[in-house]
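I have placed the structure first, in the form of structure tokens, so that the comments after it can refer back to it.
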Number of protein chains: 2
Amino acid sequence: MEAQVAEESKAKRRAALTRESILEAALRLCSPEGGGQLSFSRLGKELGADPTAVYRHFRDKDELILALTDLTIQEGVQLARAALPDGPSDDWRAWLTVTARSVRNAYLARPAVAVLAAARTTASPAETSSVEELISVLHRAGLPVIEAAECYRQLLDLTLAMTQYTAAFCSLDPATQAKDDAAWAVKYGMLQERDFPLLHASAARLTELFRNDEEVFELILATFLDGIAVRIERARGVRESAD
Amino acid sequence: MEAQVAEESKAKRRAALTRESILEAALRLCSPEGGGQLSFSRLGKELGADPTAVYRHFRDKDELILALTDLTIQEGVQLARAALPDGPSDDWRAWLTVTARSVRNAYLARPAVAVLAAARTTASPAETSSVEELISVLHRAGLPVIEAAECYRQLLDLTLAMTQYTAAFCSLDPATQAKDDAAWAVKYGMLQERDFPLLHASAARLTELFRNDEEVFELILATFLDGIAVRIERARGVRESAD
DNA sequence: GGCCCGTGTCAATGCCATTGACATCGCCAT
DNA sequence: ATGGCGATGTCAATGGCATTGACACGGGCC
């Protein structure tokens, strides 16, 4: 009898539950293909185990989510590393662009993590050296250390906030998404030229942007980096005049 | 008997439920003082009525939330109007700054709305003329209409995303907030100068920024607007060379 | 061999949104 | 006036969710 039960268990789940296997399953559920919804019951089903078994490995859902964001950040860092040169670089703009996109893509691969993580942060050591490098790139470009650090924080908060914003929309059920999209299209279509000439003239472009969070993100990133360029020039000016 | 029941009802709630009275109560609950949590049971208690009575006025929670965001946007527009001159202005930077801050403050007065609204949009007519004006200001500054519209969208998405980011953190229970804060302080305190010289040098500033979302927002906004300035200069350059 | 701890199961609790069956009340048409 | 109908409010129930405590098993350590 026990043997049979053991057999069944084996059939249902590959091995005993571990932190790793649970995190894997959770990531699967958080991905768009996995349904993008994380709950203990779903997680239990995915693992072929009782939902509450997860509590033996994570104190509560918050701890689970923190671990998931940690993994996601790690993947972001890894993506960035793969796309960036090893040594220091003078192309600060490319560096920041790649970093922002990597973090964003890591989160967008599992929108539910982004949504659940909300504004939580893990202070994980995974990113520390990446941050140091990023600040170093900005410093080499001409920013004082403190201002370089400020710019790092700006870039990261900007990226995280924009990414959660997109992820939240992705996590809505398709019907709601469609309704929202439609609302905008209708609204811009109805604007009278005599009342709102400028909106009327740009209606097509605006509805296009509403369907396309990626393009909006790229635009914002580009504008933001133009702003960073201004800061760098300013800092260089100050330094030269001090010489 | 009926008279007595009527008396009791009157004592509990001021008048019959209306869309307006429900929205007021909901806004009260969404504010930080009101607990910052919106649920039908809380709403029922606040109204002195059965929680499910609300369903007679709103189809479901989503419709309620959409109405709340609509009100919030209206207040944002109103705040902006109060702080902006009536006629057209040449100070595009001040205009955009005031607009962004107004929207942000309207949402932060009721963080729960920001969190629940997620990336939902209402396409309400309340903001239309404000948007037209904003685009007009950018157009007068020298941007082609389409690009001015793009900049409007960038500013709004940036502001909304950053605001939800902050609101999400505000809506966490204080214990969790404290834990997150502490995590960062500890992390930056532990960094060795020899391993991470730049982070070590800017640790104080970075921990300061973590406690202060408003300052980060202002920094990002300033950088972003510097980027817009670049766009405007570029556009002016093109126009002049075309003359 | 006995004991304990790590792990998994099960049943129960309490919050949540939502629904359907009823009650009530005022208004309109007969 | 009255009969009924629609708008509004109440109540009980459902199903999903996170979380907890009591119990069961099994392997390693004494």
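Throughout, a chain's letter reflects where its sequence line sits, starting with A, and its residues are numbered from 1.
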Step through it carefully: locate the ring centre of Y165(B), locate the ring centre of Y165(A), and say whether they are under 6.0 Å apart.
-> no
In whole Å, what is the span from the CG atom of L43(A) to the P atom of dC17(D)?
-> 12 Å
Is any side-chain N or O of Y55(B) closer than 4.0 Å to OP1 or OP2 of dA17(C)?
-> no
Rounded to the nearest angstrom, tell me the gap between atom CD in Q37(A) and atom P in dG16(D).
-> 13 Å
Residues T166(A) and R104(A): side-chain donor-acceptor under 3.5 angstrom = yes
Given atom NZ of K61(B) and atom C1' of dC17(D), what is their separation to the nearest angstrom?
-> 13 Å
Give the rounded distance in Å between these two atoms: CG of D60(B) and C1' of dC16(C).
-> 14 Å
Any T52(A) side-chain nitrogen or oxygen under 4.0 Å from OP1 or OP2 of dT9(C) = no
Look at the side-chain N and O atoms of S41(A) and state whether any lies under 4.0 Å from the OP1 or OP2 oxygen of dG16(D).
-> no
Using only heavy-atom distances, determine whether the side chains of K187(A) and T128(B) contain a donor-acceptor pair under 3.5 Å.
-> yes
Starting at atom CZ of F40(A), determine the distance to atom P of dT9(C), rounded to an integer number of angstrom.
-> 15 Å
Just checking R59(B): base, sugar-phosphate only, or nothing, at a heavy-atom cut-off of under 4.0 Å?
-> nothing
Between P of dC17(D) and CG of L116(A), the distance in whole Å | 12 Å
With distance as the sole test, does S202(A) use its side chain to make a donor-acceptor pair with the main-chain N or O of R205(A) at under 3.5 Å?
-> no
Nucleotide dC10(C), atom P - distance to CZ of R56(A) in whole Å = 13 Å
Measure the distance from NE2 on H57(A) to C1' on dG8(C) and round it to the nearest whole Å.
-> 8 Å
